[in-house]
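Computed from a predicted model, the values in this text were never measured in an experiment. Because only heavy atoms are used, hydrogens play no part in the values below, and waters and symmetry mates are left out as well, while side chains stay in. Atoms within each ligand, like the ligands themselves, are counted from 1 in listed order.
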Amino acid sequence: MKSCKLFVSFSTVLITIAVLAGISLSCSSNQKQDALYKIQKAKTLVIGTSADYPPYEFHSLKDGKDLIVGFDIAIAQEIAKDLGVKLEIKDMQFDGLLAALQAGTIDIVISGMTPTEERKKSVDFSTTYYYAVHGVIVRAEDKEKYQTVEALKNARLSAQKGTIQVGIAKTQILGLSEAEAEKPSDKVKELGTIKNLILDLKNKKVDAIVAELPVATAYVNNNPDLALAAPTFTDDQGGSAIAVKKGNPELLAAINKTVERLMAEKKIDQFVTEANELVEN
Ligand code: ARG
C-alpha cells in the first residue's frame with residue numbers, strides 16, 4: 001500500500017505542475033506581449049526621429065549617400081547592437097512622433113525629446129541621457145539687436161511645432177503665464193521642421209528661432225549669415241530621453257541598460273563630439 005500512496009502523491013505533483021504550466025501558458029497568451037519580443041522577432045529596431053536637429057540627428061552626405069547621423073543615432077545603434085537586431089530609421093516631423101509610436105509604426109522615439117509631464121501621460125521615458133539649455137538663432141546682421149530677453153520680446157519669434165521651445169518662447173521671452181501659454185498664439189510661429197524655420201529666418205519672415213543651444217550653435221556654425229542671440233534659457237524638465245509606448249517594461253529596461261552603460265562609459269559625450277565634427281563638414 002505504501003507504494004500506492006507514493007504513486008498518488010507523485011501523480012498529484014504531476015497534475016499540479018501540469019495545471020500550473022497551463023495557467024502560466026494561458027496567462028502569457030492572454031497578456032499583451034512586451035514590445036521587446038516584437039523587435040526581437042522582427043530582428044529590427046525601428047526608431048522614429050526628426051532628423052533636422054544637429055548634432056542630435058541630421059542628414060549628412062557620405063560618399064554621395066544621404067545618411068541620417070547624430071549622437072541620438074549613435075545611441076540607437078548601441079541599443080540595437082545590445083538587442084542583437086538591426087536598426088531602421090524613420091524620419092518624420094517632430095510633432096508626429098508620439099502618434100507614430102502609439103500607432104506602432106515605430107518602436108521607440110529618439111529625437112532629443114524632453115520627458116515632460118504632459119508627454120509622460122501618454123508614453124514612458126528612459127533615463128535622461130543628455131542635458132542642454134536653449135538658445136536663440138537670429139540673422140547675423142541683427143546680432144547686436146538681440147542682447148537681452150527684453151529685446152527678443154519685439155522679435156517675430158518661432159519654434160518647431162510640438163516642441164517645448166514653443167512654450168519657452170511664450171513664457172520665458174514673452175512673459176505669458178503657463179495657462180496663457182497653453183493657448184494657441186500667433187506670437188510664436190510654429191513650423192514642422194527646423195529647416196523651414198531657418199528658411200523663414202533667412203527670408204525675414206521670422207526674426208528668431210528658439211532651439212536647444214547645441215542645435216542653435218550647429219546651425220550658426222554652418223551658416224555665416226546666422227548668429228546666436230545673447231540670452232539662453234533653461235527648462236524644469238530638461239534633457240533628452242527615449243520614449244517607449246506605455247506598458248512595455250522589458251523594452252524600457254533593456255533601453256535603460258544600454259543608456260546607463262553608455263553614460264557610465266562616457267560614450268555619450270564622445271558621440272556628441274563625433275556628431276559635432278560631422279556637422280562641421
Ligand atoms: N527637446 C525639445 C522637445 O522635446 C525639442 C526636440 C526637437 N527634436 C528634433 N529632433 N527636432 O520638445
Side chain or backbone, does G162 bring an N or O within less than 3.5 Å of an N or O on ligand 1?
no
Which residue and heavy atom of the protein sit nearest atom 9 (C) of ligand 1, plus the separation:
Y53 CG, 3.4 Å
Distance-only donor-acceptor check, side chains Q93 and Q160, under 3.5 Å:
no
Using a 3.5 Å cut-off on N or O atoms only, is E57 in polar contact with ligand 1?
yes
Output the list of atoms in ligand 1 that are nearer than 4.0 Å to some heavy atom of F94, sorted by atom number.
3 (C), 4 (O), 6 (C), 7 (C), 8 (N), 9 (C), 12 (O)
Are E180 and K183 ion-paired here, with the side-chain N under 4.0 Å from a carboxylate O?
no
Report yes if I194 has an N/O atom closer than 3.5 Å to an N/O atom of ligand 1; otherwise report no.
no
Do L201 and L197 have side chains that get closer than 4.5 Å, going by heavy atoms?
no
Checking a contact table here: which protein heavy atom is nearest atom 8 (N) of ligand 1, and how many Å away?
S111 O, 2.8 Å
With heavy atoms and a 4.0 Å threshold, my read on which part of D52 contacts ligand 1 is side chain
Go through ligand 1 atom by atom and flag the ones less than 4.0 Å from a non-hydrogen atom of M113.
4 (O)
Regarding T148 and E150, is there a side-chain donor-to-acceptor distance under 3.5 Å anywhere?
no
Among all protein heavy atoms, pick out the one at the shortest distance from atom 11 (N) of ligand 1; state its residue, atom name and that distance to 0.1 Å.
Q160 OE1, 2.7 Å
Report the part of R119 in contact with ligand 1, treating N, CA, C, O as backbone and CB onward as side chain, heavy atoms under 4.0 Å; options are side chain, backbone, both, neither.
side chain
Electrostatic pair R139:D207 at N-O distance under 4.0 angstrom
yes
For D72, the option from Y56, Y129, Y53, Y130 that meets side-chain hydrogen bond (donor to acceptor under 3.5 Å, both in side chains):
Y129
Any N or O of E212 closer than 3.5 Å to N or O of ligand 1
yes
Mark yes when over 12 heavy atoms from residues, nucleotides or ligands other than K246 sit less than 6.0 Å from its NZ; otherwise mark no.
yes
Does the distance from a Lys or Arg side-chain N to an Asp or Glu carboxylate O, for D269 and K266, drop under 4.0 Å?
no
Run the salt-bridge test on K189 and D200 with the 4.0 Å N-O cut-off and return the result as yes or no.
yes
Ligand 1 and T163, any nitrogen or oxygen pair closer than 3.5 angstrom?
no
Checking a contact table here: which protein heavy atom is nearest atom 5 (C) of ligand 1, and how many Å away?
Q165 OE1, 3.2 Å
Specify the protein heavy atom at minimum distance from atom 6 (C) of ligand 1: its residue, its atom name, and the distance to 0.1 Å.
G112 O, 3.4 Å
